[in-house]
Amino acid sequence: MWGSDVIMDYGFMAEYALMYVKAAELTIKISAYGIIGAFAVGLICCLIKELKIPVLYRIVQMYIELSRNTPLIIQLFFLYFGFPKMGIVLSSRSCGIIGLIFLGGSYMAEAFRTGIDSVPNVQRESAYSLGMTKRQTFLRIIIPQAVATSVPVFCANVIFLIKETSVFSAVALADLMYVTKDLIGLYYKTDEALLMLVISYLIILLPISFISSWIERRVRYAGFGNTGSV
Amino acid sequence: MQDLGIQVLFEGINFERLLKGLWISLKLGLISMLFSVILGLLLGCVMAGKNRIIKFLCRVYLEIVRIMPQLVLLFLVYFGAAKHFGADISGETAAVIVFTFWGTAEMGDLVRSALISIPKHQYESGYSLGLSKLQLYVNIIMPQTFQRLLPSAVNLLTRMIKTTSLVVLIGVVEVVKVGKQIIDASRYDNPKAALWIYGTIFLLYFAVCYPISKLSSALERRLKV
């Protein structure tokens, strides 16, 4: 079994821990840009879809389908190796961020849409009968309730997007996977490198996972998110 | 006219090779999915049960799978196992192991939520009609569970197929690798090959996943009515 012959070289781990810290920083930074960008794109797409703006509506629809039905790594390869042939040269960093926004945007848009769908039609009708305009109804009645319902989906997307950043090594970004592969290749310290990889991801993702389940509980206690049963 | 470079797709058997490469990733996805469905059904039934310790263990397993990126799991099996068992696990085997490990957890959770979504009165009505436990499950609970399970299971299949694209990073020769070979071979006479090859791979994945995810949402809509 795995057990007895595993002797960790702690000196080695201490020596290279800094590389992991740097790589983790990169992962977090790119994730942050990507998530913020995806949030914005998602919101815009959702608004376009909800307000049914003629031509843009079709484009958004196509974008969502395209981005949801292709893997991030393929999108990255296309951006990183394909785009330069059209004269658009992107650094690996911007490739990573753009790829993440391209992927995340559609997931965020869907998260918002789920929220909007979960608001019962009665709410909309009541608002109209009170004399509210379409815009007022959307901004004051639908959105606040929808956001509360979207929060769990949104949190799940954040974790999903951070996990997806693990493929960035494919476009030569020096992230956690890249460092790990490097150390395995250079020194054959497989156990140490893999252990530090797992620990790094745990340190990044566990707190986010806890926070998101805490938020989820809060939202549920707030009495939102049960509108689906109406 | 300017040289577009699109002819790289039609030279020799290039396109056929790409399709064959795609089939390798798809095959890995389908095999893992098959195992995941079988094991996931079992896991889901166990998780819907009442034993607290088993429930807790399943919870831990689920959380591990949810938190670790699939690529990390792939690395663990591919590099870790190679060193410790001295076994030279091929990329394909490692992929099937990891994706089954991941898929089983996801599937198990889907099965569990489908099972507990069956209202209690369905069980009670069944019993009050004098059905035995076996009859109840076969005739009443299982059909409803499957109906509720189907859309999300189909959706899991698209996720599985998308996830199998990671195997290129552990050295499996699949569609991306084949694409790279074609690009390298035509580096001098067709410098724009990369655009077309990666574009084609992008669209191939879309062509595979789009119908499946449409099917999933159609099933979901039917369920709601």
With a 6.0 Å cut-off on the ring centroids, do Phe39(A) and Phe112(A) count as close? yes

Does the side chain of Phe168(A) come within less than 4.5 Å of Met177(A)'s, by heavy atoms? no

Is Val168(B) in contact with chain A via its backbone, its side chain, both, or neither, using a 4.5 Å heavy-atom distance? side chain

Can you tell me which of Ile184(A), Ile204(A), Ile208(A), Ile74(A) forms the most heavy-atom pairs within a distance under 4.5 Å of chain B? Ile74(A)

Given Ile159(A), Val198(A), Leu79(A), the one with more heavy-atom pairs under 4.5 angstrom with chain B than any other is Val198(A)

Is it the side chain or the backbone of Val176(B) that comes within 4.5 Å of chain A heavy atoms, both, or neither? side chain

Quick one: what part of Tyr188(A) sits under 4.5 Å from any heavy atom of chain B, side chain, backbone, both or neither? both

Between Phe102(A) and Tyr63(A) (judged by ring centroids, cut-off 6.0 Å), do the two rings come close enough to count as a pair? yes

Using a cut-off of under 4.5 Å on heavy-atom pairs, state which of Pro84(A), Gly82(A), Ser209(A) scores highest against chain B. Gly82(A)

Can you check salt bridge (Lys or Arg N to Asp or Glu O under 4.0 Å) on Lys29(A) and Glu25(A), steps first, answer last? CA-CA 6 Å; Lys29(A) 241 185 225 164; Glu25(A) 258 173 43; 5.0 Å; no

Side chain to side chain, Thr100(B) and Ile31(B), heavy atoms closer than 4.5 Å: no

Please evaluate residues Tyr198(B) and Phe83(A) with respect to the criterion ring pair (Phe, Tyr, Trp, His ring centres under 6.0 Å), reporting the C-alpha separation (whole Å), side-chain torsions for both, the decisive distance (0.1 Å), and the verdict. CA-CA 10 Å; Tyr198(B) 284 119; Phe83(A) 267 43; over 10 Å; no

Arg159(B), part contacting chain A, at a heavy-atom distance under 4.5 Å: neither

Classify the side-chain pair Ser117(B)/Arg148(B) by whether it contains a donor and acceptor separated by less than 3.5 Å. yes

Should Phe78(A) and Thr70(A) count as side-chain neighbours, where that means a heavy-atom distance under 4.5 Å? no

Side chain, backbone, both or neither: which part of Leu66(A) has an atom under 4.5 Å from a heavy atom of chain B? both

Of the backbone (N, CA, C, O) and the side chain (C-beta and beyond), which part of Leu202(A) lies under 4.5 Å from a heavy atom of chain B, both, or neither? both

Toward chain B, the part of Thr190(A) with a non-hydrogen atom under 4.5 Å: both

Between Leu195(A) and chain B, which part of the residue has a heavy atom less than 4.5 Å away: side chain, backbone, both or neither? neither

As an exercise: rank Ala193(B), Ser165(B), Pro69(B) by heavy-atom pairs under 4.5 Å with chain A and give me the winner. Pro69(B)

